[in-house]
Amino acid sequence: SVYFTLNYFLIFKTMKINEALIVVDYQNGFIPEYVSRVNELPVEWGELLAPIINELMRETRVKWWLVIATRDWHPRGHMSLARNYIWKNPFDTITYNEVTNAKEHTTRLWEEAEFSLEDLQIELWSSMWPQVLWPDHCIADTPWAEYFQWLDTELIDHHIIKWDDPKTEMNSGFFWREMRQDNKIIRLVDILRDAGIEAVKVVWLATDFCVRATAIDAVKNWFKTIIESKAIAWVMIKSPEDTVKYLQKLREETWVEYV
């Protein structure tokens with residue numbers, strides 16, 4: 001009957017998986033307790049967000065929605081790490097024009113670099129933005145690349161590894177070359193679409209880099225996108241006032257919402 005069909009449709013719509021939580025890079029390499037003796041990227045009070053993120057993951061799973069986590073997985077020779085540039089220091093930047101116009105004796109790479117200056121030109125040309133050169137962090141196959149121990153990984157449905165190509169910048173979890181699981185190429189956008197996801201919520205680190213890039217790419221792929229402000233952390237931005245200004249500007253420019 002029409003009544004039965006309508007009720008069945010409403011029940012189906014209620015149960016439909018339509019939102020995903022994306023936890024960006026909650027790894028030991030950003031937790032002060034683990035990085036005090038190595039050259040990494042400690043985020044002040046980062047460990048205190050674990051209960052909040054775990055609760056968000058539980059709320060997501062109770063509704064039969066998806067929880068996805070990304071991890072940085074840098075080879076030591078990655079183009080984004082300052083250690084590979086003889087003339088650079090951590091938090092310096094490098095640009096396409098700098099590499100293209102510099103003389104050979106001023107732009108040399110250490111032998112451990114897994115990319116050439118030609119690779120660097122191609123990558124910098126494709127983005128046309130300065131590349132921040134980071135201190136070592138979340139190096140592949142080290143304890144610092146593992147999830148922070150307080151994160152309840154049993155609640156995670158899909159694990160996305162990024163930054164594993166030494167020749168490519170990969171801030172966004174949507175980057176097509178870096179999505180691997182069980183040795184298969186899996187695109188994050190396909191995981192979301194196959195599950196009927198219509199909206200995503202993005203949390204953790206760093207709001208001014210990987211969270212931002214992942215959120216913007218979610219919008220570009222037609223997902224309603226929200227940054228959960230109670231569960232984010234920053235690399236460059238420090239004050240609460242600047243946080244609000246940053247999120248407001250991001251919303252105005254990209255349609256990424258925040259709560």
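Computed over heavy atoms, backbone and side chain alike; hydrogens, waters and symmetry mates excluded. Remember, predicted model here, so these are calculated numbers, not experimental data.
- Using modelled atom types, one finds a donor on one side chain and an acceptor on the other under 3.5 Å when comparing Asn18 with Trp65.
- Judged by distance alone, the side chains of Trp87 and Glu98 do bring a donor and an acceptor atom under 3.5 Å apart.
- Looking at heavy atoms from C-beta onward, Ser80 lies out of side-chain contact with Leu133 at the 4.5 angstrom threshold.
- Proximity of Leu66 to Ile22: side-chain heavy atoms (C-beta onward) are nowhere separated by under 4.5 Å.
- Using a 4.5 Å heavy-atom threshold, the side chains of Glu198 and Glu19 count as separate.
- Between the side chain of Tyr258 and the backbone N or O of Gln248 there is no donor-acceptor pair closer than 3.5 Å.
- Judged purely by distance below 3.5 Å, without hydrogens or angles, the side chains of Ser116 and Asp119 pair a donor atom with an acceptor atom.
- Annotation: side chain of Val203 is in contact with side chain of Leu56 (closest heavy-atom distance under 4.5 Å).
- Looking at residues two or more places apart in sequence or on another chain, you find a side chain to side chain contact (heavy atoms under 4.5 Å, CB included) between Thr100 and Tyr96, Gln121.
- Within the 6.0 Å centre-distance limit, the rings of His78 and Trp163 are counted as a close aromatic pair.
- Put simply, CG on Asp25 and OG1 on Thr214 are 7.5 Å apart, with the number rounded to the nearest 0.5 Å.
- Atoms CG and CD, from Asp165 and Glu114 in turn, are 9.5 Å apart once rounded to the nearest 0.5 Å.
- Checked against a 6.0 Å centroid threshold, the rings of Phe115 and Tyr85 count as neighbours.
- Between Leu81 and Arg76 there is no side-chain heavy-atom pair separated by less than 4.5 Å.
- The salt bridge (Lys or Arg N to Asp or Glu O under 4.0 Å) check on Glu47 picks up nothing, with sequence neighbours excluded.
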Next item on the list: Take Ile53 and Trp150 through the side chain to side chain contact (heavy atoms under 4.5 Å, CB included) test and state the conclusion after the steps.
Entry: CA-CA 10 Å; Ile53 293 174; Trp150 294 357; over 6 Å; no
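- For the atom pair CG (Asp217) and CG (Asn221), the distance works out to 6.5 Å, reported to the nearest 0.5 Å.
- The 12-atom threshold is exceeded at NZ of Lys88, counting heavy atoms of other residues, nucleotides or ligands nearer than 6.0 Å.
- Residues that satisfy the ring-ring contact (aromatic ring centres under 6.0 Å, His included) test with Trp255, not counting sequence neighbours, are absent from this structure.
- Partners of Glu257 under the side chain to side chain donor-acceptor pair (under 3.5 Å) rule, at least two apart in sequence or in another chain, do not exist in this structure.
- Residues Glu123 and Thr168 meet the side-chain proximity criterion, which asks for heavy atoms closer than 4.5 Å.
- A donor-acceptor pair is defined here as one N or O able to donate and one able to accept, closer than 3.5 Å; no such pair exists between the side chain of Asp164 and the backbone of Trp73.
- Two different hydrophobic clusters hold Trp129 and Phe91 under the rule that ILVMFWY side chains link at heavy-atom gaps under 4.5 Å.
- Looking only at distances, no side-chain donor or acceptor of His74 sits under 3.5 Å from a matching main-chain atom of Asp72.
- Open room surrounds CD on Glu154; 12 or fewer heavy atoms of other groups in view lie less than 6.0 Å from it.
- The CZ atom of Phe30 sits 6.0 Å away from atom CG of Leu41, with the distance rounded to the nearest 0.5 Å.
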Note to self: For a salt bridge (charged side-chain N to carboxylate O under 4.0 Å, His left out) check, start with the C-alpha distance between Arg83 and Glu112, then their side-chain angles and the critical distance, and finish with the verdict.
What the structure shows: CA-CA 9 Å; Arg83 62 163 32 236; Glu112 198 174 27; 2.5 Å; yes
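- Rounded to the nearest 0.5 Å, atoms SG (Cys210) and NZ (Lys162) are 3.5 Å apart.
- Residues Glu55 and Arg58 are paired through a salt bridge, judged by an N-O separation under 4.0 Å between the basic side chain and the carboxylate.
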Next item on the list: Take Ile139 and Trp144, measure what side chain to side chain contact (heavy atoms under 4.5 Å, CB included) needs, and give me the verdict at the end.
Entry: CA-CA 7 Å; Ile139 300 298; Trp144 297 284; over 6 Å; no
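- Checking side-chain atoms of Thr254 against main-chain N and O of Ile216 turns up no donor-acceptor pair under 3.5 Å.
- Not one N or O on the side chain of Asn84 forms a donor-acceptor pair closer than 3.5 Å with the backbone of Met79.
- Arg71 meets the salt bridge (Lys or Arg N to Asp or Glu O under 4.0 Å) test with Glu146; sequence neighbours excluded.
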Next item on the list: Please lay out, stage by stage, how Ile94 and Leu120 fare under the test side chain to side chain contact (heavy atoms under 4.5 Å, CB included).
Entry: CA-CA 10 Å; Ile94 189 167; Leu120 191 60; 3.6 Å; yes
Note to self: Run the side chain to side chain contact (heavy atoms under 4.5 Å, CB included) test on Thr93 and Gln131 for me, step by step, so that the C-alpha distance in whole Å, both residues' side-chain angles and the decisive distance to 0.1 Å come before the verdict.
What the structure shows: CA-CA 5 Å; Thr93 60; Gln131 171 66 52; over 6 Å; no
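- In this structure, CD1 on Ile86 lies 9.0 Å from CD on Glu111, to the nearest 0.5 angstrom.
- The two residues Tyr147 and Ala69 have their closest heavy-atom pair at OH-CB, 3.5 Å.
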Note to self: With ring-ring contact (aromatic ring centres under 6.0 Å, His included) as the criterion, how do Tyr246 and Phe209 come out once you've worked through the C-alpha distance, each side chain's angles and the decisive distance to 0.1 Å?
What the structure shows: CA-CA 12 Å; Tyr246 186 93; Phe209 288 94; 9.0 Å; no
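- By the 4.5 Å heavy-atom criterion applied to side chains, Val200 and Leu21 are not counted as neighbours.
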Mind listing the side-chain donor-acceptor pairs of residues 225-236 below 3.5 Å, one per line with the distance, residues two or more places apart or on another chain?
residue	atom	partner	partner atom	Å
Thr225	OG1	Phe223	O	2.9
Ser229	OG	Val259	O	2.3
Trp234	NE1	Thr243	OG1	3.4

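- Side-chain contact between His159 and Ile68 is absent, with no heavy-atom pair separated by less than 4.5 Å.
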